[in-house]
Amino acid sequence: MKLALRADLLDFTATPSWGLPTLHGVRFRPDHWLLVDTGRIVGAQAAGSWAPGPDWQQHHHRGRLLLPGFIDSHVHCPQLGVIGSWGAGLLDWLETYTFPAELRFADCAAATAGAAAFLDALLAHGTTAAVVFSTVHQQATDALFAAAAQRGMRLVTGKVLMDRHAPDGLRDDVAGAERDCEALIARWHGQGRNSYAVTIRFAVTSTPQQLVMAGALGRRHAGLYMQTHVAENLDEVKWVAALFPEARSYLDVYHRAGLLHERAVLAHGIWLDAHDRALLRDTGAHIAHSPSSNLFLGSGLFDWQAAMDVGHGVSVASDVGGGTSLCQLRTLADAYKVQALRGTRLNAWTALHAATRGAAEALGLAHEIGHLGEGTLADLVLWDWSHGPVAAHRDAVARGAVPGVPAQDLHARVFAWLTLGDERNLAASYVAGVPRHQRETHSELQSGATAR
Ligand code: GUN
Ligand code: ZN
(Lines give C-alpha, C1' and ligand atoms only; values in the text may rest on other atoms or scores of the structure.)
(Ligands and ions follow the chains in the order given, each with its own letter.)
Protein backbone atom coordinates (compact mmCIF):
# COMPACT_ATOMS: atom_id res chain seq x y z
CA MET A 1 0.00 0.00 0.00
CA LYS A 2 2.85 2.40 0.84
CA LEU A 3 5.42 2.90 -1.88
CA ALA A 4 8.54 5.09 -1.90
CA LEU A 5 10.28 5.72 -5.24
CA ARG A 6 13.78 7.18 -5.28
CA ALA A 7 14.67 9.20 -8.41
CA ASP A 8 15.14 12.69 -9.87
CA LEU A 9 11.62 14.17 -9.82
CA LEU A 10 10.56 16.50 -12.62
CA ASP A 11 7.16 18.15 -13.04
CA PHE A 12 5.49 21.57 -13.36
CA THR A 13 3.72 23.75 -10.82
CA ALA A 14 2.64 26.38 -13.38
CA THR A 15 2.78 27.09 -17.12
CA PRO A 16 6.44 27.60 -18.09
CA SER A 17 7.60 30.62 -20.07
CA TRP A 18 7.29 30.48 -23.86
CA GLY A 19 10.43 31.10 -25.93
CA LEU A 20 13.67 31.40 -24.02
CA PRO A 21 13.67 28.80 -21.23
CA THR A 22 13.46 29.99 -17.63
CA LEU A 23 12.78 27.93 -14.55
CA HIS A 24 9.34 29.49 -14.02
CA GLY A 25 6.89 26.69 -13.18
CA VAL A 26 9.60 23.99 -13.38
CA ARG A 27 9.94 21.76 -10.31
CA PHE A 28 13.10 19.65 -10.39
CA ARG A 29 13.91 17.70 -7.24
CA PRO A 30 17.07 15.62 -7.78
CA ASP A 31 17.46 12.44 -5.72
CA HIS A 32 14.16 12.55 -3.85
CA TRP A 33 11.78 9.94 -2.51
CA LEU A 34 8.29 10.26 -3.97
CA LEU A 35 5.80 8.85 -1.49
CA VAL A 36 2.67 7.03 -2.63
CA ASP A 37 -0.05 5.72 -0.33
CA THR A 38 -3.01 3.71 -1.64
CA GLY A 39 -2.32 4.84 -5.20
CA ARG A 40 -2.04 8.55 -4.45
CA ILE A 41 0.97 10.83 -4.11
CA VAL A 42 1.28 11.93 -0.48
CA GLY A 43 4.59 13.79 -0.51
CA ALA A 44 8.25 13.93 -1.45
CA GLN A 45 11.43 14.00 0.64
CA ALA A 46 15.08 14.71 -0.20
CA ALA A 47 16.91 11.37 -0.10
CA GLY A 48 19.97 12.92 1.57
CA SER A 49 18.09 13.90 4.71
CA TRP A 50 15.31 11.29 5.00
CA ALA A 51 14.85 7.56 4.54
CA PRO A 52 11.61 5.60 4.34
CA GLY A 53 10.83 3.35 7.31
CA PRO A 54 10.07 -0.37 7.10
CA ASP A 55 6.40 0.20 6.34
CA TRP A 56 7.35 1.67 2.93
CA GLN A 57 8.05 -0.61 -0.03
CA GLN A 58 11.12 0.93 -1.65
CA HIS A 59 11.77 1.16 -5.41
CA HIS A 60 15.29 2.34 -6.13
CA HIS A 61 15.67 4.43 -9.25
CA ARG A 62 18.47 6.72 -8.18
CA GLY A 63 19.89 8.43 -11.26
CA ARG A 64 16.65 8.06 -13.21
CA LEU A 65 14.06 10.69 -14.08
CA LEU A 66 10.60 10.32 -12.61
CA LEU A 67 7.82 12.23 -14.39
CA PRO A 68 4.06 12.22 -14.24
CA GLY A 69 2.76 9.76 -16.85
CA PHE A 70 2.43 11.29 -20.29
CA ILE A 71 -1.03 12.19 -21.54
CA ASP A 72 -1.74 11.53 -25.22
CA SER A 73 -4.65 13.79 -26.09
CA HIS A 74 -5.43 12.27 -29.48
CA VAL A 75 -4.70 8.72 -30.62
CA HIS A 76 -6.62 6.00 -32.50
CA CYS A 77 -6.89 2.55 -30.90
CA PRO A 78 -7.64 0.63 -34.14
CA GLN A 79 -4.75 2.19 -36.06
CA LEU A 80 -1.70 0.45 -34.56
CA GLY A 81 -1.55 -1.71 -37.68
CA VAL A 82 -1.46 1.22 -40.10
CA ILE A 83 1.52 3.10 -38.63
CA GLY A 84 4.09 3.78 -41.31
CA SER A 85 1.84 3.21 -44.35
CA TRP A 86 3.44 4.61 -47.46
CA GLY A 87 2.55 7.25 -49.96
CA ALA A 88 -0.68 9.02 -49.03
CA GLY A 89 -2.06 12.34 -47.82
CA LEU A 90 -4.95 12.37 -45.35
CA LEU A 91 -7.94 11.56 -47.57
CA ASP A 92 -6.19 8.79 -49.58
CA TRP A 93 -4.66 7.43 -46.40
CA LEU A 94 -8.09 7.09 -44.78
CA GLU A 95 -9.53 5.22 -47.79
CA THR A 96 -6.54 3.05 -48.52
CA TYR A 97 -5.28 2.04 -45.11
CA THR A 98 -7.35 3.31 -42.21
CA PHE A 99 -10.95 2.45 -43.01
CA PRO A 100 -10.05 -1.18 -43.84
CA ALA A 101 -8.19 -1.48 -40.51
CA GLU A 102 -11.15 -0.05 -38.58
CA LEU A 103 -13.55 -2.43 -40.34
CA ARG A 104 -11.71 -5.32 -38.68
CA PHE A 105 -12.90 -4.03 -35.26
CA ALA A 106 -16.45 -5.09 -36.19
CA ASP A 107 -15.27 -8.49 -34.97
CA CYS A 108 -15.54 -8.62 -31.16
CA ALA A 109 -12.53 -10.86 -30.64
CA ALA A 110 -10.36 -8.61 -32.84
CA ALA A 111 -11.60 -5.50 -31.03
CA THR A 112 -10.96 -7.00 -27.59
CA ALA A 113 -7.46 -8.12 -28.50
CA GLY A 114 -6.84 -4.78 -30.22
CA ALA A 115 -7.90 -2.78 -27.15
CA ALA A 116 -5.61 -4.76 -24.83
CA ALA A 117 -2.65 -4.51 -27.20
CA PHE A 118 -3.23 -0.78 -27.65
CA LEU A 119 -3.36 0.11 -23.94
CA ASP A 120 -0.36 -2.10 -23.14
CA ALA A 121 1.52 -0.37 -25.95
CA LEU A 122 0.66 3.06 -24.52
CA LEU A 123 2.04 1.96 -21.13
CA ALA A 124 5.18 0.56 -22.76
CA HIS A 125 5.77 3.99 -24.35
CA GLY A 126 5.32 6.02 -21.15
CA THR A 127 1.72 7.14 -21.68
CA THR A 128 -0.63 6.47 -18.79
CA ALA A 129 -3.71 8.50 -19.85
CA ALA A 130 -5.23 9.15 -23.24
CA VAL A 131 -8.05 10.65 -25.26
CA VAL A 132 -8.75 7.92 -27.78
CA PHE A 133 -10.72 7.32 -30.94
CA SER A 134 -12.37 3.90 -30.97
CA THR A 135 -14.25 2.80 -34.11
CA VAL A 136 -17.87 3.25 -35.13
CA HIS A 137 -18.71 -0.02 -33.34
CA GLN A 138 -20.38 -0.02 -29.93
CA GLN A 139 -18.86 -3.35 -28.91
CA ALA A 140 -15.34 -2.29 -29.82
CA THR A 141 -15.82 0.80 -27.63
CA ASP A 142 -17.12 -1.37 -24.79
CA ALA A 143 -13.99 -3.50 -25.09
CA LEU A 144 -11.74 -0.44 -24.91
CA PHE A 145 -13.45 0.93 -21.80
CA ALA A 146 -13.30 -2.51 -20.17
CA ALA A 147 -9.59 -2.89 -20.95
CA ALA A 148 -8.84 0.55 -19.44
CA ALA A 149 -10.85 -0.31 -16.31
CA GLN A 150 -8.84 -3.55 -15.92
CA ARG A 151 -5.63 -1.54 -15.97
CA GLY A 152 -6.98 1.32 -13.82
CA MET A 153 -6.04 3.81 -16.55
CA ARG A 154 -7.57 7.23 -17.12
CA LEU A 155 -9.31 6.97 -20.48
CA VAL A 156 -11.52 9.32 -22.46
CA THR A 157 -13.06 7.67 -25.49
CA GLY A 158 -16.23 7.14 -27.46
CA LYS A 159 -17.77 5.40 -30.43
CA VAL A 160 -16.96 7.20 -33.67
CA LEU A 161 -19.90 8.97 -35.32
CA MET A 162 -19.90 8.58 -39.14
CA ASP A 163 -23.09 8.54 -41.15
CA ARG A 164 -21.73 9.45 -44.60
CA HIS A 165 -18.63 9.33 -46.82
CA ALA A 166 -17.43 6.12 -45.22
CA PRO A 167 -17.51 2.53 -46.53
CA ASP A 168 -20.18 -0.07 -45.79
CA GLY A 169 -19.71 -1.50 -42.32
CA LEU A 170 -18.30 1.76 -40.98
CA ARG A 171 -21.42 3.92 -41.25
CA ASP A 172 -24.07 4.48 -38.59
CA ASP A 173 -27.23 6.59 -38.76
CA VAL A 174 -28.47 9.36 -36.49
CA ALA A 175 -30.96 7.34 -34.43
CA GLY A 176 -28.80 4.21 -34.12
CA ALA A 177 -25.74 6.27 -33.21
CA GLU A 178 -27.66 8.12 -30.53
CA ARG A 179 -28.86 4.81 -29.02
CA ASP A 180 -25.32 3.39 -29.04
CA CYS A 181 -23.90 6.52 -27.41
CA GLU A 182 -26.59 6.53 -24.69
CA ALA A 183 -25.89 2.88 -23.90
CA LEU A 184 -22.12 3.47 -23.68
CA ILE A 185 -22.58 6.60 -21.55
CA ALA A 186 -24.84 4.70 -19.15
CA ARG A 187 -22.30 1.87 -18.84
CA TRP A 188 -19.02 3.77 -18.73
CA HIS A 189 -19.18 7.54 -18.27
CA GLY A 190 -17.89 8.40 -14.81
CA GLN A 191 -17.25 4.73 -13.97
CA GLY A 192 -13.85 4.59 -12.28
CA ARG A 193 -11.43 6.55 -14.44
CA ASN A 194 -13.44 6.30 -17.65
CA SER A 195 -15.14 9.27 -19.30
CA TYR A 196 -17.19 9.33 -22.47
CA ALA A 197 -16.34 11.57 -25.41
CA VAL A 198 -18.84 12.44 -28.12
CA THR A 199 -16.57 11.39 -30.99
CA ILE A 200 -17.15 12.95 -34.39
CA ARG A 201 -14.63 11.63 -36.89
CA PHE A 202 -14.60 14.92 -38.83
CA ALA A 203 -17.12 17.20 -40.49
CA VAL A 204 -16.82 15.26 -43.76
CA THR A 205 -18.23 12.02 -42.33
CA SER A 206 -21.20 13.38 -40.37
CA THR A 207 -24.42 14.86 -41.79
CA PRO A 208 -25.61 18.16 -40.33
CA GLN A 209 -28.36 16.16 -38.57
CA GLN A 210 -25.78 13.94 -36.88
CA LEU A 211 -23.80 16.97 -35.71
CA VAL A 212 -26.96 18.46 -34.19
CA MET A 213 -27.66 15.14 -32.42
CA ALA A 214 -24.07 15.09 -31.12
CA GLY A 215 -24.36 18.64 -29.77
CA ALA A 216 -27.61 17.80 -27.96
CA LEU A 217 -26.07 14.62 -26.53
CA GLY A 218 -23.19 16.64 -25.13
CA ARG A 219 -25.60 18.96 -23.34
CA ARG A 220 -27.72 16.11 -21.94
CA HIS A 221 -25.03 14.53 -19.75
CA ALA A 222 -22.71 16.35 -17.35
CA GLY A 223 -19.00 16.09 -17.96
CA LEU A 224 -19.01 14.58 -21.45
CA TYR A 225 -16.00 15.32 -23.63
CA MET A 226 -16.10 16.02 -27.36
CA GLN A 227 -13.32 14.97 -29.71
CA THR A 228 -12.86 15.43 -33.42
CA HIS A 229 -10.43 16.52 -36.14
CA VAL A 230 -10.30 20.04 -37.54
CA ALA A 231 -8.43 21.84 -40.35
CA GLU A 232 -5.73 19.20 -40.81
CA ASN A 233 -5.31 19.08 -44.56
CA LEU A 234 -6.08 21.58 -47.35
CA ASP A 235 -8.12 19.13 -49.47
CA GLU A 236 -10.13 18.28 -46.38
CA VAL A 237 -10.72 21.98 -45.64
CA LYS A 238 -12.00 22.54 -49.21
CA TRP A 239 -14.33 19.56 -48.96
CA VAL A 240 -15.78 20.80 -45.67
CA ALA A 241 -16.34 24.27 -47.19
CA ALA A 242 -18.30 22.65 -50.05
CA LEU A 243 -20.35 20.46 -47.67
CA PHE A 244 -21.19 23.31 -45.24
CA PRO A 245 -21.41 26.49 -47.37
CA GLU A 246 -23.27 28.31 -44.59
CA ALA A 247 -20.38 27.97 -42.11
CA ARG A 248 -17.79 30.76 -41.82
CA SER A 249 -14.98 28.23 -41.42
CA TYR A 250 -14.32 24.56 -40.73
CA LEU A 251 -14.26 25.21 -36.97
CA ASP A 252 -17.54 27.12 -37.28
CA VAL A 253 -19.25 23.91 -38.47
CA TYR A 254 -18.69 22.48 -35.00
CA HIS A 255 -19.53 25.74 -33.25
CA ARG A 256 -22.92 25.96 -34.99
CA ALA A 257 -23.76 22.48 -33.70
CA GLY A 258 -22.88 23.52 -30.14
CA LEU A 259 -19.86 21.22 -30.01
CA LEU A 260 -17.22 23.65 -28.74
CA HIS A 261 -16.79 23.83 -24.97
CA GLU A 262 -14.12 23.40 -22.34
CA ARG A 263 -13.98 19.62 -22.69
CA ALA A 264 -13.71 19.72 -26.49
CA VAL A 265 -10.47 18.32 -27.93
CA LEU A 266 -9.81 19.10 -31.59
CA ALA A 267 -6.87 17.44 -33.30
CA HIS A 268 -4.56 19.39 -35.63
CA GLY A 269 -5.97 22.91 -36.16
CA ILE A 270 -3.31 23.75 -38.74
CA TRP A 271 -5.46 25.74 -41.19
CA LEU A 272 -7.22 28.08 -38.76
CA ASP A 273 -7.50 31.86 -38.88
CA ALA A 274 -7.53 34.51 -36.14
CA HIS A 275 -11.35 34.25 -35.70
CA ASP A 276 -11.09 30.52 -35.20
CA ARG A 277 -8.32 30.85 -32.63
CA ALA A 278 -10.32 33.42 -30.69
CA LEU A 279 -13.33 31.09 -30.82
CA LEU A 280 -11.24 28.26 -29.35
CA ARG A 281 -10.10 30.56 -26.56
CA ASP A 282 -13.59 31.90 -25.87
CA THR A 283 -15.26 28.48 -25.79
CA GLY A 284 -12.43 26.82 -23.81
CA ALA A 285 -11.94 24.18 -26.53
CA HIS A 286 -8.34 23.21 -27.22
CA ILE A 287 -6.10 21.85 -29.96
CA ALA A 288 -4.37 18.47 -29.72
CA HIS A 289 -1.26 19.28 -31.74
CA SER A 290 -0.05 16.16 -33.56
CA PRO A 291 3.35 16.98 -35.07
CA SER A 292 4.45 13.48 -36.03
CA SER A 293 1.23 12.88 -37.95
CA ASN A 294 1.36 16.33 -39.55
CA LEU A 295 4.87 15.67 -40.84
CA PHE A 296 4.19 12.10 -41.93
CA LEU A 297 0.96 12.86 -43.83
CA GLY A 298 2.39 16.16 -45.11
CA SER A 299 -0.52 18.07 -43.58
CA GLY A 300 1.23 21.30 -42.58
CA LEU A 301 3.01 23.14 -39.77
CA PHE A 302 0.93 24.01 -36.70
CA ASP A 303 1.26 27.65 -35.60
CA TRP A 304 1.91 27.26 -31.86
CA GLN A 305 3.05 30.89 -31.59
CA ALA A 306 -0.37 32.10 -32.82
CA ALA A 307 -2.06 29.84 -30.26
CA MET A 308 0.08 31.39 -27.52
CA ASP A 309 -0.63 34.91 -28.77
CA VAL A 310 -4.41 34.45 -28.69
CA GLY A 311 -4.35 32.25 -25.58
CA HIS A 312 -6.12 29.00 -26.54
CA GLY A 313 -5.03 25.68 -25.08
CA VAL A 314 -2.59 23.29 -26.78
CA SER A 315 -1.84 19.71 -25.79
CA VAL A 316 0.32 17.26 -27.74
CA ALA A 317 -0.76 14.03 -29.31
CA SER A 318 0.73 11.11 -31.18
CA ASP A 319 -2.26 10.72 -33.55
CA VAL A 320 -1.14 7.16 -34.25
CA GLY A 321 -1.63 5.74 -36.90
CA GLY A 322 -1.10 9.04 -38.78
CA GLY A 323 1.72 9.65 -36.32
CA THR A 324 4.63 7.25 -36.40
CA SER A 325 5.22 6.62 -32.69
CA LEU A 326 3.25 6.24 -29.48
CA CYS A 327 6.19 7.70 -27.57
CA GLN A 328 5.54 11.26 -26.46
CA LEU A 329 9.29 11.95 -26.33
CA ARG A 330 9.42 11.40 -30.07
CA THR A 331 6.25 13.46 -30.52
CA LEU A 332 7.82 16.35 -28.60
CA ALA A 333 11.04 16.10 -30.61
CA ASP A 334 8.89 16.37 -33.75
CA ALA A 335 7.05 19.35 -32.24
CA TYR A 336 10.38 21.13 -31.82
CA LYS A 337 11.25 20.48 -35.48
CA VAL A 338 7.85 21.71 -36.71
CA GLN A 339 8.31 24.95 -34.79
CA ALA A 340 11.90 25.25 -36.03
CA LEU A 341 10.54 25.12 -39.60
CA ARG A 342 8.25 28.01 -38.65
CA GLY A 343 11.20 29.98 -37.26
CA THR A 344 10.25 29.46 -33.58
CA ARG A 345 12.20 27.50 -30.94
CA LEU A 346 10.03 25.39 -28.65
CA ASN A 347 11.65 25.00 -25.26
CA ALA A 348 11.72 21.66 -23.43
CA TRP A 349 9.60 22.98 -20.56
CA THR A 350 6.72 24.12 -22.78
CA ALA A 351 6.94 20.82 -24.66
CA LEU A 352 6.91 18.59 -21.56
CA HIS A 353 4.24 20.71 -19.88
CA ALA A 354 1.96 20.23 -22.91
CA ALA A 355 2.25 16.46 -22.51
CA THR A 356 1.67 16.49 -18.73
CA ARG A 357 0.19 19.27 -16.61
CA GLY A 358 -0.88 21.41 -19.58
CA ALA A 359 -2.85 18.53 -21.09
CA ALA A 360 -4.37 17.69 -17.70
CA GLU A 361 -5.48 21.32 -17.26
CA ALA A 362 -6.89 21.49 -20.78
CA LEU A 363 -8.91 18.34 -20.03
CA GLY A 364 -10.04 19.52 -16.58
CA LEU A 365 -8.12 16.67 -14.96
CA ALA A 366 -5.32 18.45 -13.10
CA HIS A 367 -6.75 17.31 -9.76
CA GLU A 368 -6.05 13.72 -10.86
CA ILE A 369 -3.10 13.58 -13.27
CA GLY A 370 -0.35 15.57 -14.98
CA HIS A 371 1.93 16.48 -12.07
CA LEU A 372 3.49 15.12 -8.88
CA GLY A 373 1.46 17.24 -6.45
CA GLU A 374 0.00 15.68 -3.31
CA GLY A 375 -3.40 14.12 -3.76
CA THR A 376 -3.02 13.24 -7.43
CA LEU A 377 -3.07 9.61 -8.54
CA ALA A 378 0.39 8.08 -8.86
CA ASP A 379 0.47 7.71 -12.66
CA LEU A 380 4.23 7.80 -13.02
CA VAL A 381 6.89 7.08 -15.63
CA LEU A 382 10.55 6.38 -14.97
CA TRP A 383 13.13 7.17 -17.61
CA ASP A 384 16.81 6.58 -18.09
CA TRP A 385 18.57 9.82 -18.90
CA SER A 386 20.15 8.08 -21.89
CA HIS A 387 20.00 4.94 -23.95
CA GLY A 388 22.96 3.85 -26.06
CA PRO A 389 26.46 5.28 -26.37
CA VAL A 390 25.68 8.46 -28.29
CA ALA A 391 22.96 9.59 -25.87
CA ALA A 392 25.15 8.55 -22.92
CA HIS A 393 27.95 10.75 -24.23
CA ARG A 394 25.57 13.63 -24.88
CA ASP A 395 24.21 13.33 -21.34
CA ALA A 396 27.74 13.21 -19.92
CA VAL A 397 28.51 16.44 -21.79
CA ALA A 398 25.40 18.08 -20.29
CA ARG A 399 26.32 16.92 -16.79
CA GLY A 400 29.85 18.24 -17.09
CA ALA A 401 31.22 14.67 -16.83
CA VAL A 402 33.46 15.03 -19.89
CA PRO A 403 36.84 16.50 -18.95
CA GLY A 404 37.37 20.00 -20.25
CA VAL A 405 33.71 20.54 -21.15
CA PRO A 406 31.77 22.79 -18.77
CA ALA A 407 28.46 21.46 -17.41
CA GLN A 408 25.32 22.74 -19.11
CA ASP A 409 22.16 23.92 -17.41
CA LEU A 410 19.18 21.71 -16.58
CA HIS A 411 17.22 22.80 -19.65
CA ALA A 412 20.07 21.76 -21.96
CA ARG A 413 20.22 18.32 -20.34
CA VAL A 414 16.47 17.76 -20.43
CA PHE A 415 16.20 19.04 -24.01
CA ALA A 416 18.91 16.62 -25.16
CA TRP A 417 17.11 13.80 -23.31
CA LEU A 418 13.81 14.47 -25.01
CA THR A 419 15.41 14.96 -28.42
CA LEU A 420 17.42 11.72 -28.29
CA GLY A 421 15.10 9.65 -26.09
CA ASP A 422 12.34 7.22 -26.91
CA GLU A 423 10.62 4.20 -25.37
CA ARG A 424 13.97 2.42 -24.99
CA ASN A 425 14.70 4.92 -22.21
CA LEU A 426 11.59 3.87 -20.31
CA ALA A 427 12.26 1.76 -17.20
CA ALA A 428 8.75 1.53 -15.74
CA SER A 429 5.21 2.91 -15.89
CA TYR A 430 2.93 3.00 -12.85
CA VAL A 431 -0.82 3.50 -12.88
CA ALA A 432 -2.27 4.65 -9.55
CA GLY A 433 0.88 3.32 -7.89
CA VAL A 434 0.75 -0.11 -9.54
CA PRO A 435 3.62 -1.05 -11.88
CA ARG A 436 1.93 -1.79 -15.23
CA HIS A 437 5.04 -1.89 -17.39
CA GLN A 438 8.53 -2.77 -16.21
CA ARG A 439 11.75 -3.43 -18.00
CA GLU A 440 13.32 -4.97 -14.91
CA THR A 441 12.14 -7.62 -12.49
CA HIS A 442 10.36 -6.70 -9.30
CA SER A 443 13.32 -7.72 -7.12
CA GLU A 444 15.70 -5.61 -9.18
CA LEU A 445 13.39 -2.63 -8.70
CA GLN A 446 13.32 -3.17 -4.96
CA SER A 447 17.02 -3.71 -4.51
CA GLY A 448 18.29 -1.16 -6.98
CA ALA A 449 20.39 -3.99 -8.44
CA THR A 450 20.68 -2.18 -11.73
CA ALA A 451 21.26 1.18 -10.07
CA ARG A 452 22.88 3.64 -12.40
N1 GUN B 1 -9.38 12.88 -40.08
C2 GUN B 1 -10.45 12.04 -40.09
N3 GUN B 1 -10.11 10.83 -39.63
C4 GUN B 1 -8.81 10.87 -39.33
C5 GUN B 1 -7.88 9.92 -38.80
O6 GUN B 1 -8.20 8.76 -38.53
N7 GUN B 1 -6.62 10.36 -38.63
C8 GUN B 1 -6.24 11.63 -38.91
N9 GUN B 1 -4.98 12.00 -38.71
N10 GUN B 1 -7.08 12.52 -39.42
C11 GUN B 1 -8.35 12.17 -39.61
ZN1 ZN C 1 -6.54 11.51 -35.56
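Position 1 is the first residue of the sequence; numbering continues from there. What you see below is based on every heavy atom in this structure, not just the backbone, and it leaves out hydrogens, waters and symmetry mates. Keep in mind the model is a prediction, meaning the values are calculated, not measured. Start at 1 and go down the list; that is how both ligands and their atoms are numbered.
The N, O or S atom of His229 with the smallest distance to the Zn ion (ligand 2) is NE2. Within Asp319, the N, O or S atom at minimum distance from the Zn ion (ligand 2) carries the name OD1.
Remark: Arg424 does not engage Asp384 in a salt bridge, criterion side-chain N to carboxylate O under 4.0 Å. A salt bridge does not link Lys159 with Asp142: none of the charged nitrogens is closer than 4.0 Å to a carboxylate oxygen. With salt bridges taken as basic N to acidic carboxylate O contacts below 4.0 Å, one links Arg248 and Asp273.
Geometrically, Arg413 engages Trp385 in a cation-pi contact, judged by NZ or CZ lying under 6.0 Å from the ring centre and within 45° of the ring axis.
Checked against the 6.0 Å centroid criterion, the rings of His24 and Trp349 do not qualify as a close aromatic pair. Ring centers of Tyr430 and His59: under 6.0 Å apart, within the cut-off.
For a distance bound of 2.8 Å, the N, O or S atoms of Glu232 include none lying that close to the Zn ion (ligand 2).
Around ligand 1, the residues contributing at least one heavy atom under 4.0 Å from the ligand are His76, Gln79, Leu90, Trp93, Leu94, Arg201, Phe202, His229, Glu232, His268, Ser293, Asp319.
Remark: His437 NE2 is packed, more than 12 non-hydrogen atoms of other residues, nucleotides or ligands lying under 6.0 Å away.
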